[in-house]
Q: 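I have a structure here, written as structure tokens, and I will follow up with some questions on it.
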Amino acid sequence: MRVFVFFAAVATVLMLHAPARADDAAPATLTVIGKVGTSNRPGFDPFRDAFFKFHGKEFEKAFAFDRAALKALPQRTVTAKAAPWPKPVTASGPPLKDVLDAAGVADDATVTLFALDGYGVTLSPADRAARDWVLAIEMDGTPLAIGGRGPAWLLYDTGDGTASEDAEAKWVWSVFVIAAE
Ligand SMILES: Nc1nc2c(c(=O)[nH]1)N[C@H]1C(S)=C(S)[C@@H](COP(=O)(O)O)O[C@H]1N2
Ligand SMILES: [Mo]
């Protein structure tokens with residue numbers, strides 16, 4: 001009897017800690033591909049990875065983040081303003097560096113951030129180090145949506161100033177994949 005109670009207790013604890021079923025899991029919203037240090041998903045598959053295929057993004061190694069994983073990283077809030085915008089934006093999310101570190105991307109890697117529309121911006125190691133780049137996932141406390149500027153928006157703080165057109169061109173919205181090489 002005592003043995004039974006013991007095993008019942010162990011079974012209960014195991015059930016409470018069971019991982020979420022696959023259909024409860026959140027989808028990846030941002031994937032780092034190429035020269036990552038750790039993979040947490042299988043390599044490119046032309047059938048499963050239809051949208052990566054559409055964009056010609058094939059890879060062996062990749063590290064995928066769902067929103068919770070991005071929120072679990074340190075968060076920064078930036079104020080940014082570009083000339084054509086109606087008002088300054090308050091946006092928050094993890095620093096680009098923390099995202100790349102979590103994926104095991106080396107500091108001397110060049111990265112290109114690609115958006116859903118195919119727009120891409122390449123940052124050399126020097127470009128990466130020159131700014132406190134943030135991958136915003138919220139604006140004014142509201143999650144950035146697909147169809148808006150989500151899933152992620154590359155920005156940096158401009159304080160009271162206004163970004164130049166060159167700077168604004170680097171602020172990629174709707175980022176979903178980062179290629180490291
Ligand atoms: N995904 C994506 N991000 C982008 C662009 C784009 O075409 N697609 N254009 C860039 C350029 S050149 C500018 S000027 C701004 C324009 O959009 P916004 O000022 O509304 O952010 O976004 C930048 N980020
Ligand atoms: Mo632009």
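Note that ligands are numbered from 1 as they come in the structure, with each ligand's atoms numbered from 1 the same way.
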Q: Where on Ala115 is there a heavy atom closer than 4.0 Å to ligand 1, on the side chain, on the backbone, on both, or on neither?
A: side chain
Q: Specify the protein heavy atom at minimum distance from atom 7 (O) of ligand 1: its residue, its atom name, and the distance to 0.1 Å.
A: Tyr119 CD1, 3.5 Å
Q: Before accepting this row, confirm whether a basic side-chain N of the pair Asp132/Lys97 lies closer than 4.0 Å to the acidic partner's carboxylate O.
A: no
Q: If the condition is salt bridge (Lys or Arg N to Asp or Glu O under 4.0 Å), which residues does Lys61 pass it with, not counting sequence neighbours?
A: none
Q: Please work out whether the ring planes of His55 and Phe176 are parallel, tilted or perpendicular, with thresholds of 30° and 60°.
A: tilted
Q: Suppose we measure from atom 24 (N) of ligand 1 to each protein heavy atom; which comes out shortest, and what is that distance?
A: Trp171 O, 2.9 Å
Q: Which bit of Trp173 is near ligand 1, meaning a heavy atom under 4.0 Å away: side chain, backbone, both or neither?
A: both
Q: Which of the atoms of ligand 1 are close to Asp117, meaning less than 4.0 Å from one of its heavy atoms?
A: 1 (N), 2 (C), 6 (C), 7 (O), 8 (N)
Q: Would you call the rings of Tyr156 and Trp133 parallel, tilted or perpendicular, where under 30° means parallel and over 60° means perpendicular?
A: perpendicular
Q: Counting only heavy atoms, which portion of Trp85 has something under 4.0 Å from ligand 1: side chain, backbone, both, or neither?
A: side chain
Q: Can you classify the ring geometry of Phe59 versus Phe52 as parallel (below 30°), tilted (30 to 60°) or perpendicular (above 60°)?
A: perpendicular
Q: Looking only at protein heavy atoms, which one is nearest to atom 11 (C) of ligand 1, and how far off is it?
A: Ala169 CA, 3.7 Å
Q: Only distances under 3.5 Å count here; give the side-chain donor-acceptor pairs of residues 141-149 to other protein atoms, sequence neighbours excluded, each with its distance to 0.1 Å.
A:
none

Q: Please state which option from Glu168, Arg149, Glu165 has its nearest heavy atom closest to atom 21 (O) of ligand 1.
A: Arg149
